Chemist: 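One structure is given below, represented as structure tokens, and several questions about it will come after.
Ligands are counted one by one from 1 in listed order, and the atoms in each one are counted from 1 as well. Please read all numbers here as calculations on a predicted model, not as lab measurements.
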Amino acid sequence: MRYFIFAFVLCGTMFLTTTAFTQTPLSVHGQLFDTGKNLINAHGAGLMYYGGKYYLFGEIKKGKTWRVPNQNWEDYRVPAGGISCYSSTDLKHWKYEGVALSPITGDPKSDIDTGKVIERPKVIYNSKTRQFVMWMHVDAKDYSYSQAGVAVSNRPAGPYRYIKSVKPNGQMARDMTLFKDDDGKAYLIYASEQNNTMQVVRLNDDYLSPSKTYSRILVNRHREAPAVFKNGGKYYLITSDCTGWSPNAATYAVADNILGPYKEYGNPCTGPGANTTFEAQSTYVLPVSGKNTYLFMADRWNKTDLEKSDYLWLPLSVHDGKVEITTR
Ligand code: GAL
């Protein structure tokens, strides 16, 4: 495990949107431990900043990894373990808050049965309804179901109550992320159309269902693992190629409007390992400190033993519209 503080020079003006973090962002390459000295089990994670704390939500991967037969790709699985939650005031010390969304055992009809897929949870706060809203990718073990699931809670750490899953406007939804804009409008961004094309849909005001406003982006570019952030009024979208649990090169795209059109740029990673995103796959980007500084969060999947998957957290910077993620 390599886990160290990345010495960071603060920019003069603090940029406070969804975060109040004002000092040393972290660089994590490997395992993460909570304050109880247990391994953090939160994959495909997302972060929410609320009431002075960061809340980390992620997939619980536990149990023996097995491979789904008769698939033409490496469909490795563990039972869907639900969603975990950890809290922190400094992004460094994480308190285990428990299981935020529990799976159901022995009900194959349920979206959140342990035999299903529950991936990439993201949570935002709805200040009108005063509810915390979690969206996630729910699927069958062969990924043929392709739906976006939604759950709610009155408390940031949960427990969350699962409501339903949808195909937004009849469209497939696999790898996804959630973005709450400065005006309070929220969007779901997801791999759709058999992973060929991504889509962005605006959620209705309660954030519990998709509106009819949606767009197709990165058309036929075959991208997934979306992570989005806003800088200088523009929307930045980092994605991976579709190679299952195996890492590949990230790319990023930029738009004036979250619904697009997006102009594609190359790989934001530089230095040794850049062509595999340093052996990881994007999951979230958190605004950290200084108006051009972010924390890039990614998963280092261990496909044949998914429980042993760990993490890559790196500083991400934006200069003159150019994104850079580097280990140096
Ligand atoms: C990845 C995806 C992961 C998971 C995996 C299954 O491409 O980003 O979230 O779904 O495929 O193989």
Chemist: Any idea how Tyr50 and Tyr125 line up, ring-wise: parallel (<30°), tilted (30 to 60°), or perpendicular (>60°)?
Modeler: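 Tilted: the ring planes of Tyr50 and Tyr125 meet at 30° to 60°.
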
Chemist: What protein heavy atom is closest to atom 1 (C) of ligand 1, reported as residue, atom name and distance in Å?
Modeler: Gly244 O, 3.3 Å

Chemist: Give me the residue, atom name and distance of the protein heavy atom closest to atom 9 (O) of ligand 1.
Modeler: Arg120 NE, 3.0 Å

Chemist: Taking 4.0 angstrom as the limit and counting only heavy atoms of Tyr143, give me the atoms of ligand 1 inside it, by number and element.
Modeler: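 Answer, ordered by atom number: 4 (C), 6 (C), 10 (O).
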
Chemist: Say whether, by atom type as modelled, one donor and one acceptor occur between the side chain of Asp107 and the main chain of Lys109 under 3.5 angstrom.
Modeler: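 The answer is yes, because a donor-acceptor pair under 3.5 Å joins these two groups.
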
Chemist: Are Tyr284 and Phe296 an aromatic pair by the rule of ring centers under 6.0 Å?
Modeler: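 Ring-ring flag for Tyr284/Phe296: false, centres at least 6.0 Å apart.
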
Chemist: Measure the distance from atom 8 (O) of ligand 1 to every protein heavy atom, then report the residue, atom name and distance (to 0.1 Å) of the closest one.
Modeler: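 Going by distance alone, atom 8 (O) of ligand 1 is nearest to Asp175 OD2, 2.5 Å.
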
Chemist: So does Lys167 have more than 12 non-hydrogen atoms from other groups sitting under 6.0 Å from NZ?
Modeler: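 Enclosed: over 12 neighbouring heavy atoms sit under 6.0 Å from NZ of Lys167.
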
Chemist: Contact between ligand 1 and Tyr76 is defined here as a heavy atom of the residue under 4.0 Å from a ligand atom; is it met?
Modeler: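 Under 4.0 Å: no for Tyr76.
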
Chemist: N/O to N/O below 3.5 Å, does that happen between Gln281 and ligand 1?
Modeler: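 Yes: some nitrogen or oxygen of Gln281 is under 3.5 Å from one in ligand 1.
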
Chemist: Please list the nearest protein heavy atom to atom 10 (O) of ligand 1 with its residue and the distance rounded to 0.1 Å.
Modeler: Glu119 OE1, 2.7 Å

Chemist: Does any N/O atom on Trp245 come nearer than 3.5 Å to any N/O atom on ligand 1?
Modeler: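 It does: an N or O of Trp245 is found under 3.5 Å from an N or O of ligand 1.
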
Chemist: Determine, using ring centers only, whether Tyr265 and Tyr252 are less than 6.0 Å apart.
Modeler: yes

Chemist: Quick one: does Trp73 get an N or O within less than 3.5 Å of an N or O on ligand 1?
Modeler: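 It does not: no N or O of Trp73 is found under 3.5 Å from an N or O of ligand 1.
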
Chemist: Give me the ring orientation class for His43 and Tyr311: parallel if the planes are under 30° apart, tilted from 30 to 60°, perpendicular past 60°.
Modeler: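 Aromatic pair His43/Tyr311 classed parallel.
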
Chemist: Considering distance alone, does some N or O of Ala225 sit under 3.5 Å from an N or O of ligand 1?
Modeler: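 It does not: no N or O of Ala225 is found under 3.5 Å from an N or O of ligand 1.
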
Chemist: Has Thr277 got a side-chain atom pairing as donor or acceptor with Glu279's backbone, closer than 3.5 angstrom?
Modeler: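 No; zero donor-acceptor contacts below 3.5 Å.
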
Chemist: Give the atoms of ligand 1, by number and element, whose distance to some non-hydrogen atom of Glu224 is under 4.0 Å.
Modeler: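 It comes down to these atoms of ligand 1: 1 (C), 2 (C), 7 (O), 8 (O).
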
Chemist: Asp175 side chain to Ala225 main-chain N or O, any donor-acceptor pair under 3.5 Å?
Modeler: yes

